[in-house]
J.: 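First the structure, which I've put down as C-alpha coordinates, then a few questions once you've had a look.
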Amino acid sequence: QMFGFLVILSSMMRTWQHRVAPTYFLLSGAIIGVASVFLNYTLLWLILFPFFLYHMRSWSKQNWGSLFTGLFLSIWIFYVGKMFIFGEEEADNFILSYATLIDSLMPERLSYTMWEWVFMSFTALLLIIYSISGFAINVAKTVKAHSSVIMISTLSLVVTAFAIIDLSHLPNYIGIISILLSLQLAIHQSCLIDSKNEWWTIITLFIFAILGVLPLFWTPF
(Lines give C-alpha, C1' and ligand atoms only; values in the text may rest on other atoms or scores of the structure.)
Protein backbone atom coordinates (compact mmCIF):
# COMPACT_ATOMS: atom_id res chain seq x y z
CA GLN A 1 0.00 0.00 0.00
CA MET A 2 2.81 2.42 0.89
CA PHE A 3 4.65 1.58 -2.34
CA GLY A 4 1.47 2.10 -4.32
CA PHE A 5 0.92 5.52 -2.74
CA LEU A 6 4.50 6.52 -3.59
CA VAL A 7 4.02 5.44 -7.22
CA ILE A 8 0.78 7.43 -7.47
CA LEU A 9 2.36 10.51 -5.91
CA SER A 10 5.36 10.27 -8.23
CA SER A 11 3.12 9.74 -11.25
CA MET A 12 0.95 12.72 -10.45
CA MET A 13 3.98 15.01 -10.15
CA ARG A 14 4.85 14.05 -13.72
CA THR A 15 1.47 15.22 -15.06
CA TRP A 16 2.28 18.94 -14.75
CA GLN A 17 0.12 20.77 -17.32
CA HIS A 18 -0.64 17.50 -19.16
CA ARG A 19 -4.35 17.57 -19.95
CA VAL A 20 -3.98 14.15 -21.61
CA ALA A 21 -1.80 11.77 -19.58
CA PRO A 22 -3.50 8.38 -19.91
CA THR A 23 -0.53 6.25 -18.82
CA TYR A 24 -0.11 7.90 -15.44
CA PHE A 25 -3.82 7.99 -14.66
CA LEU A 26 -4.47 4.44 -15.87
CA LEU A 27 -1.59 3.28 -13.65
CA SER A 28 -2.88 5.24 -10.65
CA GLY A 29 -6.41 3.90 -11.09
CA ALA A 30 -5.09 0.34 -11.44
CA ILE A 31 -3.03 0.68 -8.25
CA ILE A 32 -6.06 1.86 -6.29
CA GLY A 33 -8.15 -0.95 -7.75
CA VAL A 34 -5.61 -3.64 -6.85
CA ALA A 35 -5.07 -2.23 -3.35
CA SER A 36 -8.84 -2.03 -2.80
CA VAL A 37 -9.13 -5.77 -3.48
CA PHE A 38 -7.32 -6.35 -0.18
CA LEU A 39 -8.14 -3.09 1.64
CA ASN A 40 -11.42 -1.71 0.31
CA TYR A 41 -11.03 1.64 2.09
CA THR A 42 -8.20 2.40 -0.38
CA LEU A 43 -11.02 3.62 -2.66
CA LEU A 44 -11.01 6.74 -0.47
CA TRP A 45 -7.78 7.71 -2.21
CA LEU A 46 -9.95 8.83 -5.11
CA ILE A 47 -10.84 11.86 -3.00
CA LEU A 48 -7.20 12.96 -3.32
CA PHE A 49 -7.34 13.26 -7.10
CA PRO A 50 -9.20 16.58 -7.34
CA PHE A 51 -6.23 18.03 -5.43
CA PHE A 52 -3.73 16.24 -7.70
CA LEU A 53 -5.38 17.48 -10.88
CA TYR A 54 -5.95 21.00 -9.60
CA HIS A 55 -2.42 21.63 -8.34
CA MET A 56 -0.75 19.90 -11.30
CA ARG A 57 -3.00 21.82 -13.71
CA SER A 58 -3.99 18.59 -15.44
CA TRP A 59 -7.75 18.70 -14.90
CA SER A 60 -9.55 17.20 -17.89
CA LYS A 61 -12.24 14.66 -18.67
CA GLN A 62 -9.64 12.52 -20.45
CA ASN A 63 -7.53 12.18 -17.31
CA TRP A 64 -10.57 11.47 -15.16
CA GLY A 65 -11.70 8.87 -17.68
CA SER A 66 -8.27 7.19 -17.65
CA LEU A 67 -8.27 7.10 -13.85
CA PHE A 68 -11.63 5.35 -13.56
CA THR A 69 -10.86 3.08 -16.50
CA GLY A 70 -7.76 1.82 -14.69
CA LEU A 71 -9.74 1.43 -11.46
CA PHE A 72 -12.67 -0.54 -12.90
CA LEU A 73 -10.48 -2.60 -15.22
CA SER A 74 -8.25 -3.85 -12.38
CA ILE A 75 -11.25 -4.74 -10.20
CA TRP A 76 -12.99 -6.43 -13.15
CA ILE A 77 -9.89 -8.54 -13.94
CA PHE A 78 -9.75 -9.71 -10.34
CA TYR A 79 -13.50 -10.45 -10.39
CA VAL A 80 -13.20 -12.54 -13.57
CA GLY A 81 -10.17 -14.40 -12.22
CA LYS A 82 -11.97 -15.14 -8.98
CA MET A 83 -15.05 -16.35 -10.88
CA PHE A 84 -13.02 -18.79 -12.99
CA ILE A 85 -11.02 -20.12 -10.04
CA PHE A 86 -13.54 -20.11 -7.17
CA GLY A 87 -16.90 -19.80 -8.88
CA GLU A 88 -19.50 -17.11 -9.48
CA GLU A 89 -20.71 -16.99 -5.88
CA GLU A 90 -17.26 -16.16 -4.52
CA ALA A 91 -16.80 -13.53 -7.20
CA ASP A 92 -20.15 -11.92 -6.34
CA ASN A 93 -19.25 -11.93 -2.65
CA PHE A 94 -16.04 -10.13 -3.53
CA ILE A 95 -17.94 -7.36 -5.29
CA LEU A 96 -20.49 -7.12 -2.47
CA SER A 97 -17.65 -6.70 0.04
CA TYR A 98 -17.23 -3.13 -1.22
CA ALA A 99 -20.63 -2.36 0.33
CA THR A 100 -19.02 -2.70 3.78
CA LEU A 101 -16.70 0.24 3.10
CA ILE A 102 -18.71 2.70 5.20
CA ASP A 103 -19.13 0.21 8.03
CA SER A 104 -15.36 -0.34 8.20
CA LEU A 105 -14.84 3.36 8.94
CA MET A 106 -16.41 2.95 12.36
CA PRO A 107 -13.94 1.45 14.84
CA GLU A 108 -15.32 -1.01 17.37
CA ARG A 109 -12.48 -0.55 19.80
CA LEU A 110 -9.20 1.35 19.85
CA SER A 111 -6.51 -0.48 21.78
CA TYR A 112 -3.42 1.67 21.37
CA THR A 113 -0.91 2.23 24.16
CA MET A 114 -0.10 5.64 25.55
CA TRP A 115 3.20 5.78 23.64
CA GLU A 116 1.47 4.87 20.38
CA TRP A 117 -0.97 7.73 20.85
CA VAL A 118 1.93 10.08 21.68
CA PHE A 119 3.86 8.98 18.59
CA MET A 120 0.86 9.34 16.26
CA SER A 121 -0.15 12.69 17.76
CA PHE A 122 3.39 14.06 17.46
CA THR A 123 3.60 12.91 13.84
CA ALA A 124 0.24 14.49 12.97
CA LEU A 125 1.18 17.73 14.76
CA LEU A 126 4.45 17.99 12.83
CA LEU A 127 2.66 17.32 9.57
CA ILE A 128 0.16 20.09 10.25
CA ILE A 129 2.97 22.52 11.16
CA TYR A 130 4.94 21.71 8.00
CA SER A 131 1.79 21.89 5.87
CA ILE A 132 0.98 25.38 7.14
CA SER A 133 4.61 26.34 6.58
CA GLY A 134 4.39 25.01 3.01
CA PHE A 135 1.46 27.33 2.35
CA ALA A 136 3.08 30.33 4.04
CA ILE A 137 6.71 30.08 2.86
CA ASN A 138 7.73 29.94 -0.78
CA VAL A 139 10.63 27.47 -0.71
CA ALA A 140 10.47 26.61 -4.42
CA LYS A 141 12.22 28.33 -7.33
CA THR A 142 9.78 27.45 -10.12
CA VAL A 143 6.02 27.50 -10.58
CA LYS A 144 5.95 23.71 -10.98
CA ALA A 145 8.01 23.14 -7.83
CA HIS A 146 5.86 25.60 -5.87
CA SER A 147 2.69 23.84 -7.02
CA SER A 148 4.18 20.49 -5.97
CA VAL A 149 4.99 21.82 -2.49
CA ILE A 150 1.49 23.25 -2.09
CA MET A 151 0.02 19.95 -3.31
CA ILE A 152 2.02 17.95 -0.75
CA SER A 153 0.92 20.35 2.00
CA THR A 154 -2.72 19.98 0.92
CA LEU A 155 -2.46 16.19 0.77
CA SER A 156 -0.89 16.17 4.23
CA LEU A 157 -3.88 17.95 5.75
CA VAL A 158 -6.40 15.84 3.81
CA VAL A 159 -4.76 12.51 4.76
CA THR A 160 -4.54 13.63 8.40
CA ALA A 161 -8.29 14.34 8.28
CA PHE A 162 -8.81 10.86 6.76
CA ALA A 163 -6.86 9.32 9.63
CA ILE A 164 -9.03 11.07 12.20
CA ILE A 165 -12.25 9.99 10.46
CA ASP A 166 -11.13 6.42 9.70
CA LEU A 167 -9.61 5.54 13.07
CA SER A 168 -10.06 1.80 12.52
CA HIS A 169 -7.30 1.93 9.87
CA LEU A 170 -5.13 4.46 11.69
CA PRO A 171 -1.88 2.42 11.51
CA ASN A 172 -2.11 2.35 7.70
CA TYR A 173 -2.59 6.10 7.51
CA ILE A 174 0.43 6.64 9.76
CA GLY A 175 2.55 5.02 7.05
CA ILE A 176 1.23 7.45 4.42
CA ILE A 177 1.54 10.37 6.83
CA SER A 178 5.17 9.39 7.50
CA ILE A 179 5.88 9.47 3.74
CA LEU A 180 4.38 12.96 3.44
CA LEU A 181 6.22 14.16 6.56
CA SER A 182 9.51 12.85 5.17
CA LEU A 183 8.88 14.81 1.96
CA GLN A 184 8.10 17.94 3.94
CA LEU A 185 11.29 17.57 6.00
CA ALA A 186 13.38 16.98 2.87
CA ILE A 187 11.89 20.01 1.07
CA HIS A 188 12.50 22.36 3.99
CA GLN A 189 15.96 20.97 4.69
CA SER A 190 17.09 21.36 1.08
CA CYS A 191 15.43 24.71 0.31
CA LEU A 192 15.82 26.65 3.56
CA ILE A 193 19.43 27.56 4.35
CA ASP A 194 18.98 28.35 8.02
CA SER A 195 20.72 26.96 11.09
CA LYS A 196 17.47 27.15 13.06
CA ASN A 197 15.77 24.86 10.54
CA GLU A 198 18.68 22.40 10.74
CA TRP A 199 18.55 22.31 14.54
CA TRP A 200 14.77 21.90 14.40
CA THR A 201 15.19 18.90 12.10
CA ILE A 202 17.81 17.33 14.39
CA ILE A 203 15.57 17.85 17.45
CA THR A 204 12.62 16.31 15.59
CA LEU A 205 14.61 13.21 14.66
CA PHE A 206 15.91 12.96 18.23
CA ILE A 207 12.36 13.06 19.62
CA PHE A 208 11.28 10.32 17.19
CA ALA A 209 14.25 8.23 18.32
CA ILE A 210 13.22 8.67 21.96
CA LEU A 211 9.60 7.76 21.20
CA GLY A 212 10.84 4.63 19.44
CA VAL A 213 13.13 3.46 22.27
CA LEU A 214 11.49 4.72 25.48
CA PRO A 215 8.46 2.36 25.35
CA LEU A 216 10.88 -0.57 25.55
CA PHE A 217 11.96 0.52 29.01
CA TRP A 218 9.01 2.39 30.50
CA THR A 219 5.30 1.76 30.10
CA PRO A 220 3.34 3.75 32.71
CA PHE A 221 -0.01 2.04 31.90
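Worth saying up front: this structure is predicted, and the values here are computed from it rather than measured. Counting from 1, the numbers follow the sequence of the chain as shown.
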J.: If I compare all heavy atoms of Thr160 with all of Ala124, which pair ends up nearest, and what's the gap?
T.: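 Result for this residue pair: CG2-CB, 4.3 Å.
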
J.: Decide yes or no for Leu9 and Met151: does some side-chain heavy atom of the first lie under 4.5 Å from some side-chain heavy atom of the second?
T.: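 Sidechains of Met151 and Leu9: in contact.
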
J.: Extract all donor-acceptor atom pairs below 3.5 Å that involve side chains of residues 174-185 and protein atoms in other chains or at least two apart in sequence.
T.:
residue : atom : partner : partner atom : Å
Ser178  : OG   : Ile174  : O            : 2.8
Ser182  : OG   : Ser178  : O            : 2.8
Gln184  : NE2  : Ser156  : OG           : 3.4

J.: Under 3.5 Å, sequence neighbours excluded: what are the donor-acceptor pairs made by side chains of residues 79-92?
T.:
residue : atom : partner : partner atom : Å
Tyr79   : OH   : Asp92   : OD1          : 3.0

J.: Angle class for the Phe162/Tyr173 ring planes (parallel below 30°, perpendicular above 60°, tilted otherwise)?
T.: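 Answer is perpendicular, since the angle exceeds 60°.
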
J.: Tell me, yes or no, whether the heavy-atom count around Phe135 atom CZ, taken from other residues, nucleotides or ligands under 6.0 Å, exceeds 12.
T.: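 Check passes, neighbour count above 12.
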
J.: Do other residues, nucleotides or ligands put more than 12 heavy atoms under 6.0 Å from Trp76 CH2?
T.: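 Atom CH2 in Trp76 is not crowded, with 12 or fewer foreign heavy atoms closer than 6.0 Å.
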
J.: Please determine whether residues Val20 and Met56 belong to a single hydrophobic cluster, defined as Ile, Leu, Val, Met, Phe, Trp and Tyr linked transitively by side-chain heavy-atom distances below 4.5 Å.
T.: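 Val20 does not cluster with Met56.
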
J.: With side chains defined as the heavy atoms from C-beta onward, is the minimum distance between Leu46 and Leu71 less than 4.5 Å?
T.: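 Side chain of Leu46 against side chain of Leu71, heavy atoms only: contact under 4.5 Å found.
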
J.: In Å and rounded to the nearest 0.5 Å, what is the OG to CG distance from Ser153 to Leu127?
T.: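 Reported value, rounded in 0.5 Å steps: 8.5 Å.
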
J.: Contact between Lys144 and Gln17 at the side-chain level, heavy atoms closer than 4.5 Å - yes or no?
T.: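 SC-SC contact between Lys144 and Gln17 ruled out.
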
J.: Hey, can you tell me if Tyr130 and Trp200 have their rings parallel, tilted or perpendicular (30° and 60° cut-offs)?
T.: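 Tilted: the ring planes of Tyr130 and Trp200 meet at 30° to 60°.
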
J.: Taking only distance into account, with no hydrogens and no angle test, what donor-acceptor pairs under 3.5 Å do side-chain atoms of residues 23-39 form with protein atoms, sequence neighbours excluded?
T.:
residue : atom : partner : partner atom : Å
Ser28   : OG   : Tyr24   : O            : 2.8
Ser36   : OG   : Ile32   : O            : 3.3
Ser36   : OG   : Gly33   : O            : 2.7
Ser36   : OG   : Tyr98   : OH           : 2.9

J.: Could you see if Val7 belongs to whatever hydrophobic cluster contains Leu44? Use Ile, Leu, Val, Met, Phe, Trp, Tyr and a side-chain cutoff under 4.5 Å.
T.: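 Yes.
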
J.: I'd like to check Trp45 versus Gln1 (side-chain heavy atoms, cut-off strictly below 4.5 Å). Are they in contact?
T.: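 Heavy-atom side-chain distance check passes, below 4.5 Å.
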
J.: Check for a donor-acceptor pair, side chain of Asn63 on one end and backbone N or O of Ser58 on the other, with a separation under 3.5 Å.
T.: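 It does hold such a pair.
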
J.: With a 4.5 Å cut-off on side-chain heavy-atom distances among I, L, V, M, F, W and Y, is there a chain of contacts connecting Ile129 to Phe208?
T.: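 Hydrophobic grouping puts Ile129 apart from Phe208.
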
J.: If you define the side chain from C-beta out and look only at heavy atoms, does anything of Ser147 sit under 4.5 Å from Val143?
T.: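 Yes - at least one pair of side-chain heavy atoms lies under 4.5 Å apart.
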
J.: Should Trp59 and Ile150 be counted in the same cluster of Ile, Leu, Val, Met, Phe, Trp and Tyr side chains packed under 4.5 Å apart?
T.: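 No; tracing contacts between hydrophobic side chains, which count when under 4.5 Å, never links both residues.
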
J.: Using a 4.5 Å cut-off on heavy atoms from C-beta on, say whether the side chain of Asn172 contacts that of Thr42.
T.: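 When only atoms from C-beta onward are counted, Asn172 and Thr42 do not touch, as no gap falls below 4.5 Å.
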
J.: Using the ring of each side chain (for Trp, its six-membered ring), is Phe49 parallel, tilted or perpendicular to Phe52, with breaks at 30° and 60°?
T.: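 Rings of Phe49 and Phe52: perpendicular, over 60°.
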
J.: Shared ILVMFWY cluster between Leu205 and Val118, side chains joined below 4.5 angstrom?
T.: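 Cluster IDs for Leu205 and Val118 differ.
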
